[in-house]
**Q** 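Here's a structure for you.
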Amino acid sequence: MIELKNVVKRYGSLTAVDHVDLGIEKGERIVIIGPSGSGKTTLLRMINFLEKMDTGTILLDGKEVGYRRDKKGRLVMEKPEIICRLRSEIGMVFQHFHLFPHMTALQNVMEGPITVKKEPRGKAEAIAMDLLGKVGLLDKKAVFPAFLSGGQKQRVAIARALAMHPRLMLFDEPTSALDPELVGEVFGTIKNLASEGMTMVIVTHQMGFAREMADRVIFMDNGRFIFEGHPGDIFSDRMDNPRVKAFLQKVL
Amino acid sequence: MTSRAGNSTQFKFRLSVLAGTLSLLLIIIPLWISRVDSAVKPDQYKLLAEGTRLLEDGKLDAALEMLKQVPMPAPGEDAGAFVRARMEAAKILFSRRDYAGSTEMCDEILAILPDNLEAKNLLVQNQSAQTPELLRFLKDMKTYLPTLLKSSGMTLVLVLITMAVSPVGGLFIALCRISRLRALSSFFWCYIWMFRGTPLLLQLFFIYYGLPPLGITLKPFTAAVIGLGLNYSAYLAEIMRGAIESIDAGQMEAAKAIGMTYWQAMRRIIVPQTYKRLVPPVGNEFIALIKDTALVSTIAMVELMRAADQIFNATFNIFILIQAAIIYLVLTSIFTISFRKLEDRLGVYENR
């Protein structure tokens, strides 16, 4: 569905993402793990065009999207309207939720359909109610984010992303900011989503979740894919990559 | 010889005629004068003259005694000496704080010449001097309150117009300042630099007095509104820019992630979140604005400060200024309370 080819992102002298290739098939669940600063989040943000790649190609359904070359041959992002349309098809969930604090849970979920898709209020509200029910927060629809727990906030954020009916969901460390006892409810929600066949890329430090959920686990370090494979391979005793082993020993 | 003797005789004759005429005049003029004088009780004027002389010598008691002796003229008689004497006496008594005596003198003058302005004025002075000072001040306050209230209406109109205009201008400038278009941003940097860096008084002078030579003549009200509007837009722009930049960058990212454009995100997500944060500093500015409107009194606008100043200069009644101060305090208090309420209302989504 989406394919990244030879993608590079540099911050000054630091190469955050270093010649990465990643293909995501429809319905696939990819989990990216690795130490902090290894480029996982940057990669995720480039898939959603929140970060501009320096070189490389992004293909959607086999077509190059999001970038063009200017007169001097440099890679530049497409016009905002095009980028916005692309983004609206990709949902993103952030580590720190980023709910809109001045809107209730319901309004947060309705905001995308109303402002971006120009859906009528009634329809947007129906979509939002349905999604809040799905994440188990219908009773919190009139509550402002400040009065929700971290887990509830993240579930509203997931509903907000789903309201745009995305083809792909990106999760950037969705449970890292949560108290341990709240992690389960968010993972539960993501699992439900997975069971419905949603395509997703998840960056996480929760190895148990990675093992349970992933079709494919990618281990990233220094901006590169060090290891890529089935969770059974990466979490097995046969794992022979020393860096992966060292990392897993630390976090498990 | 004969001709010389004849000439001499002729000269002597002429001389004697001249001398005769002169001496005759010398007799007739004083006689005429004394005739006029004596025709109307000559002692009236003698008494007045004597009294005036004593007054000039500083002998007030004696002067008063003398002046009081000038008798009241009968109807139809010349009242000149009497009026002048009584007026002098009234003044002496007034200066000695004998207001009752002074009033009596004035009354006597007015009995004969009801339209005598000097006596009338002194009578009013006596009356207000007789009222206790505090009472007089309070009376002034009552007299001039409608004028002050009417002029504070103009102050309020200026404040309300500026309050309506400057947030719009401020938001526009703030958005231009954070724009990626360097030229736009730099232009408004200069704008803010100029309007915040020079006195509002100077800006008002420039708009009202400085533009006519360039062919633009504005009415005082228009000039005042433009001056206040431009100045306050500059201040609010910086406050708004600060508020917008204080919103967590994640908000813009989250808005973009659901497909919003920059402007949609600004309008729906970023700017609405600044409202609550804007209330305290903007409220501060608007309270300063109430007081800054006093500056437009310098460009021929009659508002509260100007009216208070005019009345104060006419009455030297410090209470008028206190009254104006109270009106300013009432206005600023209403604003303070309203902004507090508004802040609470805008903050309902916050968990505190």
Side-chain angles (χ1 to χ4, degrees), chain A residues 41 44-45 47-51 79-105 107-118 142-149 153 156-157 159-166 169-170 172 177, chain B residues 167 171 174-176 178-182 184-185 239-283 339 341-352:
Chain A
T41 296
L44 213 58
R45 289 163 58 82
I47 300 175
N48 204 15
F49 304 97
L50 282 174
E51 207 80 61
K79 280 177 292 195
E81 307 88 81
I82 295 172
I83 296 296
C84 285
R85 200 175 320 125
L86 288 167
R87 278 192 194 129
S88 70
E89 293 182 25
I90 302 167
M92 180 140 182
V93 173
F94 300 88
Q95 179 181 354
H96 295 290
F97 332 125
H98 298 326
L99 285 183
F100 307 134
H102 58 306
M103 296 178 179
T104 62
Q107 287 169 333
N108 261 279
V109 183
M110 286 166 66
E111 185 57 24
I114 286 177
T115 304
V116 180
K117 284 192 169 172
K118 314 283 182 204
V143 175
F144 286 105
F147 301 93
L148 294 172
S149 73
K153 279 184 206 172
V156 174
R160 177 177 70 181
L162 291 175
M164 296 299 290
H165 296 305
M169 282 287 285
L170 306 173
D172 184 11
Chain B
L171 182 61
L175 290 173
C176 289
I178 56 177
S179 158
R180 279 211 217 135
L181 297 171
R182 284 294 289 276
L184 201 63
S185 180
I239 293 171
M240 286 172 167
R241 184 175 66 88
I244 289 169
E245 286 177 348
S246 79
I247 302 297
D248 176 27
Q251 291 292 312
M252 179 57 91
E253 298 235 303
K256 282 183 171 173
I258 57 170
M260 284 195 196
T261 64
Y262 176 81
W263 290 111
Q264 282 174 337
M266 271 292 168
R267 188 168 52 82
R268 297 283 307 168
I269 308 300
I270 308 297
V271 173
Q273 286 184 52
T274 65
Y275 294 159
K276 202 224 159 200
R277 299 180 195 200
L278 282 175
V279 172
V282 170
F339 283 119
K341 289 238 168 89
L342 185 65
E343 193 185 344
D344 291 342
R345 254 198 21 215
L346 289 173
V348 286
Y349 59 78
E350 286 180 347
N351 184 9
R352 295 183 179 239

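Hydrogens, waters and symmetry mates are skipped; everything else that's a heavy atom, side chains included, is used. Chain A is the first sequence line, chain B the second, and so forth, proteins listed ahead of strands; every chain is numbered from 1.
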**Q** Do B:M260 and A:E111 touch side chain to side chain, with heavy atoms closer than 4.5 Å?
**A** yes

**Q** Please classify the contact between A:R45 and chain B as side chain, backbone, both or neither, with a heavy-atom cut-off of under 4.5 Å.
**A** side chain

**Q** Looking only at heavy atoms, which two atoms of B:I269 and A:M103 are closest? And how far apart?
**A** CD1-CE, 3.8 Å

**Q** Measure distances from A:L99 to the heavy atoms of chain B and classify the residue's part below 4.5 Å as side chain, backbone, both or neither.
**A** backbone

**Q** Step through the shown structure and confirm whether more than 12 heavy atoms of other residues, nucleotides or ligands are within 6.0 Å of NZ on A:K118.
**A** yes

**Q** Can you name the nearest heavy-atom pair linking B:I258 to A:V116, along with the distance?
**A** O-CG2, 3.5 Å

**Q** Measure across B:A257 and A:N48 and return the closest heavy-atom pair with its distance rounded to 0.1 Å.
**A** CB-ND2, 3.8 Å

**Q** Hey, is the main chain of B:L346 close enough, under 3.5 Å, to the side chain of A:H102 for a donor-acceptor pair?
**A** no

**Q** Determine whether B:T261 and A:C84 make a side-chain contact, defined as any pair of heavy atoms from C-beta on separated by less than 4.5 Å.
**A** yes

**Q** First locate atom CZ of B:R268, then atom OG1 of A:T115, and finally report the distance between them rounded to the nearest 0.5 Å.
**A** 4.0 Å

**Q** I'd like to know whether A:M92 forms a side-chain contact (heavy atoms from CB on, under 4.5 Å) with B:E253, so could you lay out the CA-CA distance, the side-chain angles of the two residues, the decisive distance to 0.1 Å, and finally the verdict.
**A** CA-CA 10 Å; A:M92 180 140 182; B:E253 298 235 303; over 6 Å; no

**Q** A:F100 and B:A254: which non-hydrogen atoms are nearest, and at how many Å?
**A** CE2-CB, 4.0 Å

**Q** Below 4.5 Å from any heavy atom of chain B, which atoms of A:F94 appear? Answer side chain, backbone, both or neither.
**A** side chain

**Q** What residues form a salt bridge (charged side-chain N to carboxylate O under 4.0 Å, His left out) with B:D344, not counting sequence neighbours?
**A** B:R340

**Q** Heavy atoms only: give me the nearest B:V348-A:F147 pair and the separation to one decimal.
**A** O-CE1, 3.9 Å

**Q** Check each atom of A:P101 against the heavy atoms of chain B and say whether the ones under 4.5 Å are side chain, backbone, both or neither.
**A** both

**Q** At a 4.5 Å cut-off on heavy atoms, which part of A:L170 comes close to chain B: side chain, backbone, both, or neither?
**A** neither

